[in-house]
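For reference, the structure is listed below as structure tokens.
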Amino acid sequence: QKEVEQNSGPLSVPEGAIASLNCTYSDRGSQSFFWYRQYSGKSPELIMFIYSNGDKEDGRFTAQLNKASQYVSLLIRDSQPSDSATYLCAVKTSYDKVIFGPGTSLSVIP
Amino acid sequence: EAGVAQSPRYKIIEKRQSVAFWCNPISGHATLYWYQQILGQGPKLLIQFQNNGVVDDSQLPKDRFSAERLKGVDSTLKIQPAKLEDSAVYLCASSPRRTSYNEQFFGPGTRLTVL
């Protein structure tokens, strides 16, 4: 089992729709969870992090964490073409390592 | 606040040659990371420094890769000799403190092509 897995893409959504990106992790003691956005040919940039169960909202972005299910998700409301990118889930494990998932490519269709 | 700086941005070498990458983290950031990102994959940690000490280098191919962070600021990553499978983007990131969060700020990366 891979340490951090993400739903396989590419994911295509129409402009204005909600994009849902999912991530599961294997280390039950993991502490912090991050979502990075990476545009093609660019480096990752942090868009959100979450460490408590429940939801965390920032503008059009909502991160959801369920530690019992070892699941973290990112919802993007009112998706825009500028949201088209690869989204990387990263997990800080109980052994103090940050592990990145393989990423999910999102395409927002105008 | 200036971001993480890396150089060169691009490098093309032949297999068995040597190459070095440089990183200057955000001022005051104690933790520095080097990642390898192969096309279509997530970043893979090669080495993590806390100030000038190594915290984690478990995935660094030590027979060919080396890294140092002198004086706890700038860092260099070297590959000697390079192999075809080393073709990737090498990302440097820094983090302001070693806390529970470890949010990281990435540099622009160095794209390495090994022929």
Side-chain angles (χ1 to χ4, degrees), chain A residues 2-10 21-27 29-53 56 58 63 65 67 72 74 85-106, chain B residues 1 3-10 21 23-26 29-50 53-60 88-113:
Chain A
K2 292 183 180 178
E3 293 184 89
V4 179
E5 299 193 62
Q6 297 185 239
N7 48 333
S8 58
L21 303 160
N22 303 318
C23 174
T24 58
Y25 57 95
S26 59
D27 178 16
S30 296
Q31 304 166 18
S32 315
F33 308 86
F34 307 86
W35 283 101
Y36 288 83
R37 178 176 60 202
Q38 187 172 27
Y39 291 114
S40 180
K42 301 295 185 183
S43 57
E45 58 177 325
L46 180 69
I47 51 174
M48 288 196 75
F49 71 89
I50 186 168
Y51 54 90
S52 298
N53 269 334
K56 179 180 179 181
D58 184 1
L65 174 61
K67 289 187 176 181
V72 58
L74 180 70
T86 295
Y87 289 80
L88 298 163
C89 172
V91 176
K92 183 172 185 286
T93 65
S94 60
Y95 45 97
D96 215 26
K97 279 190 179 181
V98 175
I99 309 293
F100 280 83
T104 299
S105 176
L106 172 67
Chain B
E1 180 181 66
V4 176
Q6 288 187 250
S7 67
R9 293 294 310 278
Y10 305 91
F21 312 127
C23 173
N24 181 242
I26 294 173
H29 282 197
T31 309
L32 185 147
Y33 311 81
W34 282 103
Y35 289 91
Q36 180 193 61
Q37 187 174 26
I38 293 172
L39 188 64
Q41 299 181 17
K44 183 182 90 170
L45 180 68
L46 294 175
I47 190 166
Q48 177 182 341
F49 292 96
Q50 177 72 13
V54 175
V55 173
D56 182 359
D57 63 356
S58 57
Q59 297 193 94
L60 186 74
V89 175
Y90 291 84
L91 295 164
C92 179
S94 68
S95 187
R97 59 197 176 278
R98 194 157 180 254
T99 67
S100 296
Y101 310 143
N102 280 110
E103 62 271 34
Q104 299 176 30
F105 300 86
F106 285 83
T110 296
R111 183 176 299 276
L112 174 67
T113 301

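Order of the sequence lines sets the chain letters (A, B, ...), proteins ahead of strands, with each chain counted from 1. Predicted, not measured: the structure shown is a model, and the values here were computed from it. Below, each value reflects all heavy atoms present in this structure, side chains not excepted, and no hydrogens, waters or symmetry copies.
- More than 12 heavy atoms of other residues, nucleotides or ligands shown are found within 6.0 angstrom of OH on A:Tyr39.
- When each of A:Pro44, A:Gly41, A:Ala90 is scored by its heavy-atom pairs under 4.5 Å with chain B, the top score falls to A:Pro44.
- Ranked by non-hydrogen atom pairs under 4.5 Å with chain A, the options B:Arg111, B:Gln41, B:Gln37 are led by B:Gln37.
- B:Phe106 has its side chain out of reach of A:Glu45: every pair of non-hydrogen atoms, C-beta onward, lies at least 4.5 Å apart.
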From CA spacing to verdict: side-chain contact (heavy atoms from CB on, under 4.5 Å), A:Ser43, B:Gln6: CA-CA 11 Å; A:Ser43 57; B:Gln6 288 187 250; over 6 Å; no

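- Here the closest non-hydrogen pair linking A:Leu88 and B:Pro43 is CD1-CD, 3.9 Å.
- With rounding to the nearest 0.5 angstrom, the OG atom of A:Ser32 is 8.5 Å from the CD atom of B:Glu103.
- Atoms CG and NZ, from B:Leu45 and A:Lys97 in turn, are 7.5 Å apart once rounded to the nearest 0.5 Å.
- For a residue to count as touching a neighbouring chain, one of its non-hydrogen atoms must lie under 4.5 Å from one of that chain's; by this rule B:Tyr35 touches chain A with the side chain only.
- The shortest non-hydrogen separation linking A:Leu46 to B:Gln104 is CB-O, 4.4 Å.
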